[in-house]
Asker: 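Just dropping this structure here.
Letters go in sequence order (proteins before strands), and every chain restarts at 1.
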Number of protein chains: 2
Amino acid sequence: MLETTKERAGMPAVSATQGRATGTAAANGSGNAETRRRRAGRPSAAVLDKTGITAAALELVSRKGYDGLTMAALAKQLDVAPSALYNHVASKRDVLLLVEDHLMSLVDVSGFGASVWEEAVRTWAWSYRNVFAEHTPLIPVIAVLPVTDAPQTLAMYEAISKGFLDAGFPESRVVSSIVALESFIFGSAYDVTAPEDIFEPGTMAESTPHFTAAVRSLGGPPSSERPADTAFSLGLEALISGLGALRG
Amino acid sequence: MLETTKERAGMPAVSATQGRATGTAAANGSGNAETRRRRAGRPSAAVLDKTGITAAALELVSRKGYDGLTMAALAKQLDVAPSALYNHVASKRDVLLLVEDHLMSLVDVSGFGASVWEEAVRTWAWSYRNVFAEHTPLIPVIAVLPVTDAPQTLAMYEAISKGFLDAGFPESRVVSSIVALESFIFGSAYDVTAPEDIFEPGTMAESTPHFTAAVRSLGGPPSSERPADTAFSLGLEALISGLGALRG
DNA sequence: CTAATAAATGAATGGCATTCATTTAGTGGT
DNA sequence: ACCACTAAATGAATGCCATTCATTTATTAG
């Protein structure tokens, strides 16, 4: 799907299976003691493609986190020499972009066209935040990423834009509104990963009485929500009503 | 003057000036060809302290960006061996925390106590965003940073908390409201650094008609504002009115 | 006075992304 | 059917980076 240039001849089936075969390759690599050394030179069937690299990167991240996502580890997961990756991606950043675009397809935009605007935005925003809360290291990359060759990302923006226009937003305010919401979502994704006691004032509690009191009051009525969820809900509802008020 | 071996006797002034002397040390280091090698062993007057390290890191960042902020480069800037830094900070992350806390003191909280709540939040939020737009690599660090030993950061939170309480916010909602605003601010800081043409759909323009139209309409009436500022203003005003409505 | 501690140097160490020369296999043109 | 070209792999560097350790020297506490 991302598949670019020439996946043309021969066996598309093999190539198609390739992406999914990642797990298998890894299983072979670790489970089977006698994984033959592949000899140098081009193999008869290509071992790598972007789909497979993306899948392997995602599995690696879910097992070891982003610290574990190194080109060497990725190569190992794919049972390949590290340098082989560079026949398919120009840099590690490219790998991150592949992962990012894949994740965008997991964001739920189904509300647009099915529910009223407010509810569609709610569904989208929560889903978007939840997906990237697990992938915060991608945020600095996404936030500056030209959308140009990220098809899933573009698809998401298209769905949302249509939803906003149908809801009566003037064309000129659609992008700004989306950007504002997205900024809030990215910031909130970080918040999810913060430790619970992030605001404990420690030794300086006495010099910060108002802040300390506010923090302590959080522990009061044991809300069933995580603090990050409370803040996200609060901000999201404020944005929804504030932005929604500007429709034509 | 910070010079080498024979600086022992006398001048405590040197040590006191140390923090601010960073620039001078650097100027000596590069400007003067014959910077004497400091011999091994503890020098009579300490060369490093946290203030100096912070100042040097900030200068380095402003000259070379965060990619240029390496422990080696920082050491060079301070005319010191890289390993010497580890007598004062435990890790590079520590250096980033020093920088972060310093930057917090640049955020304008003067509106709280001087203006109505809405205006105070506006001043604070714009200032906060503008400071960190130049320092986005710190955001992943801040967002998860326990506030405990960051005095400037705590001071900022105290000022804001007081402002919210005085404006009639119930104690239990102060932290959530601040977190919501902060999340939006962090996300928006990234947005400032994004390229102007980040949303150009490129080849896929035809498959994303609504989004493409929305993007194109931005170029229409040439607003004097940068797009990032428009989106920030839009979202901030929505948050201010949405959160403000919940006061007691 | 002496032991402990603090603050510097300089020489590793191991991990990392990336590059390059080399090998082998498929492909397109004549 | 050959041949040049390109694609895709290996394996061996390269250079940068944060961090650690042994060592040296100076200050400070008991």
Asker: Could you check which of dT10(D), dA8(C), dT19(D) has an atom nearest any side-chain atom of Lys92(B)?
Answerer: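 For Lys92(B), the side-chain atoms sit closest to dT19(D).
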Asker: I need the CE-P distance between Met71(B) and dA12(C), as an integer number of Å.
Answerer: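 About 21 Å, once rounded to whole Å.
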Asker: Rounded off to whole Å, could you give me the CZ-to-C1' distance for the Arg42(A) and dT22(C) pair?
Answerer: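 Rounded to whole Å, this separation is 16 Å.
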Asker: Please give, in whole Å, the distance from dT18(C) C1' to Asp94(A) CG?
Answerer: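 About 13 Å, once rounded to whole Å.
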Asker: For Tyr86(A) and dA13(D), what is the distance between atoms OH and P respectively, to the nearest whole Å?
Answerer: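 After rounding, the gap between these two atoms is 18 Å.
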Asker: Establish, with yes or no, whether the OP1 or OP2 oxygen of dT10(D) is under 4.0 angstrom from a side-chain nitrogen or oxygen of Arg38(A).
Answerer: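 Result: yes.
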Asker: Determine, using ring centers only, whether Tyr190(B) and Phe186(B) are less than 6.0 Å apart.
Answerer: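 No, ring centres 6.0 Å or more apart.
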Asker: For Arg39(A) and dA8(D), give me the distance from atom CZ to atom P, rounded to whole Å.
Answerer: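 It works out to 17 Å between those atoms.
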Asker: Hey, does the side-chain of Asn87(A) have a donor or acceptor N/O within less than 3.5 Å of a partner on the base of dA7(D)?
Answerer: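 Not at all, since no donor on one side and acceptor on the other fall under 3.5 Å apart.
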Asker: From CG of Leu74(A) over to P of dG15(C), roughly how many Å is that when rounded to an integer?
Answerer: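 Answer to the nearest Å: 18 Å.
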Asker: Specify the separation, in whole Å, of atom CG of Leu69(B) and atom P of dC17(D).
Answerer: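 Taking atom P of dC17(D) as the reference, CG of Leu69(B) is at 11 Å.
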Asker: Test side chain to side chain donor-acceptor pair (under 3.5 Å) on Ser207(B) and Glu158(A); report intermediate values, then the result.
Answerer: CA-CA 9 Å; Ser207(B) 49; Glu158(A) 172 64 9; over 6 Å; no
Asker: Quick test of your reading of the model: are Glu200(B) and Arg216(B) salt-bridged, counting only N-O distances below 4.0 Å?
Answerer: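 Result for this pair is yes, salt bridge flagged.
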Asker: Can you identify which nucleotide, out of dA18(D), dA9(D), dT9(C), has its nearest atom closest to the Ser83(B) side chain?
Answerer: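 Selected nucleotide (nearest to the side chain): dT9(C).
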Asker: Please report the interatomic distance OG(Ser188(A)) to CZ(Phe132(A)), rounded to the nearest 0.5 Å.
Answerer: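 So the gap between those two atoms works out to 14.0 Å.
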Asker: Does His88(A) have a side-chain nitrogen or oxygen under 4.0 Å from the phosphate oxygens OP1 or OP2 of dA7(D)?
Answerer: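 So the side-chain polar atoms of His88(A) never come under 4.0 Å of the phosphate oxygens OP1 or OP2 of dA7(D).
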Asker: How long is the line joining CG of Leu85(B) and P of dG10(C), in whole Å?
Answerer: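 Atom-to-atom, Leu85(B) to dG10(C), this comes out as 14 Å.
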